[in-house]
Amino acid sequence: MISTQAWADARRLWDYHQMGHTPRRCSVAIGLGSHDLGVADTAVDLYKQGMAPLLVFTGATSPTTRERMPRGEAVHYRERALELGVPSSAVLVEPNARNTGDNIKFSRAVLEEAGVQVTSVLLISKPYEERRAYATACKLWPGIEFVSASTPMTFDEYVDSIQDAQLVIDMLVGALQRLLIYPEQGFMISQPVPDDVREAYERLCRQGFTSRLLATKP
């Protein structure tokens, strides 16, 4: 059973992980590969709204996507976009990235090779990865304006979609840990973490929501 306190703490982390940006037109939209095909759907929605003239999908495979997306996350995202009516000419694929840093670096290289001039990026991720993606992109691609986006949904809706509350909370905790430790390792910019968010994170760690933590002190 997940306690009332744990649910409240998880919602606090969920709210913090979202940047609250309002989507606006950018030079390009980059969809970060994952198990969640909803990232591709949201990228297509934003493309059809005129928020970006070009989509880049980035991602290889991982243990969590190998069976569902055997041809690679970016390839499956592209296929989904074409099914939904996006022309092939408006989609680029980066099939090698295996982490968020790779997503940014390799997408940048693909765009440079294609001769695309980029001043702003609509960065599309899973809802609880918005802040991590933003912080990573700002570190690795300075001088570009990033606008974070994800599928609009509540914490409860996301839990219902995954159908594994323990896993979702574990992922929220793991994402927060990376925001705390990665800046010192040079992987992302540092961002203020409010005391109430840190306290919620620490309580969840003590309650055992730790399967996505890295092997270091939380």
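The chain is numbered in sequence order, starting from 1.
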### Message
Could you work out, with salt bridge (Lys or Arg N to Asp or Glu O under 4.0 Å) as the rule, every residue matching Glu79, not counting sequence neighbours?
### Response
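Result, salt bridge (Lys or Arg N to Asp or Glu O under 4.0 Å) vs Glu79: Arg71.
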If you group Ile, Leu, Val, Met, Phe, Trp and Tyr by side-chain heavy-atom gaps below 4.5 Å, do [X] and [Y] land in one group?
X: Leu92; Y: Tyr47; value: no
X: Val44; Y: Leu123; value: no
X: Leu172; Y: Leu180; value: yes

### Query
So, Lys48 side chain and Leu84 main chain: donor-acceptor pair closer than 3.5 Å or not?
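Side chain of Lys48 to backbone of Leu84, a donor-acceptor pair under 3.5 Å: yes, one is there.
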[X] atom [atom1], neighbour heavy-atom count above 12 within 6.0 Å:
X: Glu83; atom1: CD; value: yes
X: Gln117; atom1: CD; value: no
X: Glu113; atom1: CD; value: no

### Query
Once the angle between the rings of Tyr158 and Trp14 is folded into 0 to 90°, is it parallel (under 30°), tilted (30 to 60°) or perpendicular (over 60°)?
tilted
What are the two closest heavy atoms between [X] and [Y], and how far apart are they?
X: Gly72; Y: Thr61; result: CA-CG2, 3.6 Å
X: Ala135; Y: Leu179; result: CB-CD2, 4.5 Å
X: Glu130; Y: Gly20; result: OE1-N, 4.0 Å
X: Val197; Y: Leu13; result: O-CD1, 3.8 Å

### Query
Taking it one step at a time, do Ile30 and Ile104 satisfy side-chain contact (heavy atoms from CB on, under 4.5 Å)?
CA-CA 9 Å; Ile30 298 178; Ile104 303 305; 5.6 Å; no
Just so I know, are the side chains of [X] and [Y] near enough to count as touching, which here means a heavy-atom distance under 4.5 Å?
X: Met153; Y: Pro127; result: yes
X: Phe155; Y: Tyr128; result: no
X: Leu214; Y: Gln177; result: yes
X: Arg12; Y: Asp196; result: yes
X: Leu111; Y: Val28; result: yes
X: Arg24; Y: Ser120; result: yes
X: Ser3; Y: Gln207; result: yes

### Task
Applying side-chain hydrogen bond (donor to acceptor under 3.5 Å, both in side chains), name anything that partners Asp36, two or more places apart in sequence or on another chain.
none
### Task
Identify, with sequence neighbours excluded, every residue that meets side-chain hydrogen bond (donor to acceptor under 3.5 Å, both in side chains) alongside Arg80.
Asp41
### Stepwise side-chain contact (heavy atoms from CB on, under 4.5 Å) test for Ile144 and Val118
CA-CA 7 Å; Ile144 300 297; Val118 178; 4.1 Å; yes
### Message
Is there a side-chain contact (heavy atoms from CB on, under 4.5 Å) between Phe57 and His76? Walk through the geometry before answering.
### Response
CA-CA 9 Å; Phe57 292 125; His76 282 266; over 6 Å; no
### Query
Between Glu94 and Arg78, is there a side-chain N and carboxylate O pair less than 4.0 Å apart?
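Salt bridge: no.
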#### Entry: Residues Arg198, Glu202: salt bridge by 4.0 Å N-O rule
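Here Arg198 does not pair with Glu202 in a salt bridge, since their nearest N and O are not under 4.0 Å apart.
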### Candidate pair Thr42 and Ser150, rule side-chain contact (heavy atoms from CB on, under 4.5 Å), full reasoning
CA-CA 7 Å; Thr42 298; Ser150 63; 5.9 Å; no
### Query
Can you check whether Tyr134 and His21 have ring centres sitting under 6.0 Å from each other?
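Aromatic pair counts; centres sit under 6.0 Å.
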### Task
Test side chain to side chain donor-acceptor pair (under 3.5 Å) on Tyr77 and Ser34 and set out the steps.
CA-CA 9 Å; Tyr77 277 20; Ser34 72; 3.2 Å; yes
### Query
Just checking, Arg131 and Tyr16: is the charged tip under 6.0 Å from the six-membered ring centre and within 45° of the axis?
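Checked: cation-pi criterion met.
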### Task
Could you please spell out the steps behind the side chain to side chain donor-acceptor pair (under 3.5 Å) verdict for Ser27 and Thr119?
CA-CA 6 Å; Ser27 305; Thr119 59; 3.2 Å; yes
### Query
So Asp9 and Gln5, side chain to side chain donor-acceptor pair (under 3.5 Å) or not? Walk me through it.
CA-CA 6 Å; Asp9 288 338; Gln5 182 66 62; 2.9 Å; yes
